[in-house]
Enquirer: 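Sending over a structure as structure tokens; questions will come in a sec.
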Amino acid sequence: MVGDDEVKPGNALTSRAYAIGMVLLVGVLLVGAVVVNANYTRTVSDRADRRQTELRIQSEKRANDLRVQSDQRWCALFALLDPKGAPPTTERSRLVQAAVIELRKGFHCEGA
């Protein structure tokens with residue numbers, strides 16, 4: 001009578017092949033999981049980098065628009081301080097006019 005704990009020659013080979021197959025399968029699955037995880041991480045990182053670049057560009061554009069608006073407000077003030085066709089009559093008014101002209105150039109005002 002053959003007991004349950006008696007090993008037959010065919011069963012030992014089948015058990016060893018099964019164990020090797022399982023080890024290989026687990027190894028392949030682990031390597032596959034690492035590859036998938038690395039690709040996913042790279043994809044998420046690329047998306048985050050693109051989003052950060054978009055946000056930086058939007059922020060720079062917004063800051064530039066605000067700077068242009070501010071400059072235009074100053075230009076309106078300089079236009080009031082330096083009316084066209086009114087020549088300066090004193091030395092002080094000539095200095096003020098020269099300073100206003102320089103400021104208008106610095107702020108890229110129209111007619112500077």
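Everything quoted here is computed from the prediction, not taken from an experiment.
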Enquirer: So, for V100 and F78, which heavy atoms are closest and what is the spacing to 0.1 Å?
Expert: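 The answer is CG1-O, 3.8 Å.
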
Enquirer: Look at the side chain of T43 and the backbone N and O of N39, then say whether any donor-acceptor pair between them is shorter than 3.5 Å.
Expert: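 Side chain of T43 to backbone of N39: a pair is present.
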
Enquirer: Side chains of Q69 and Q72: does their closest heavy-atom pair fall under 4.5 Å?
Expert: no

Enquirer: First locate atom CD of Q52, then atom CD of E54, and finally report the distance between them rounded to the nearest 0.5 Å.
Expert: 10.0 Å

Enquirer: Hey, quick one: are W74 and V68 part of the same hydrophobic cluster, counting side-chain heavy atoms closer than 4.5 Å, chains of contacts allowed?
Expert: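 In one cluster with W74: V68, no.
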
Enquirer: Using only atom types and a distance under 3.5 Å, with no angle test, would you say the side chain of S45 pairs donor to acceptor with the backbone of T41?
Expert: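 Not at all, since once roles are kept as given, no pair shorter than 3.5 Å links the two residues.
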
Enquirer: Looking at CE of M22 and CG of L29, how far apart are the two atoms once the value is rounded to the nearest 0.5 Å?
Expert: 9.0 Å

Enquirer: Can you list, by chain and residue number, the hydrophobic cluster partners of L55 when the side-chain cut-off is 4.5 Å?
Expert: none

Enquirer: Please answer: with hydrophobic residues joined when any side-chain heavy atoms are less than 4.5 Å apart, are L77 and V96 in the same cluster?
Expert: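 Shared cluster, yes.
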
Enquirer: Can you tell whether the side chains of E60 and R56 come within less than 4.0 Å, N to carboxylate O?
Expert: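 A salt bridge links E60 with R56.
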
Enquirer: Salt bridge (charged side-chain N to carboxylate O under 4.0 Å, His left out): which pairs involve residues 90-102, sequence neighbours left out?
Expert: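 Qualifying pairs, neighbours excluded: E91-R94, E102-K105.
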
Enquirer: Can you measure from CG (N64) to OG (S59) and round to the nearest 0.5 angstrom?
Expert: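 Going from CG on N64 over to OG on S59, the span is 11.0 Å.
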
Enquirer: Restricting to non-hydrogen atoms, name the atom on F107 and the atom on D71 that form the minimum distance, rounded to 0.1 Å.
Expert: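 So the two residues come closest at CD2-OD1, 3.1 Å.
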
Enquirer: Under 4.0 Å between a side-chain nitrogen and a carboxylate oxygen: does that hold for D46 and R42?
Expert: no

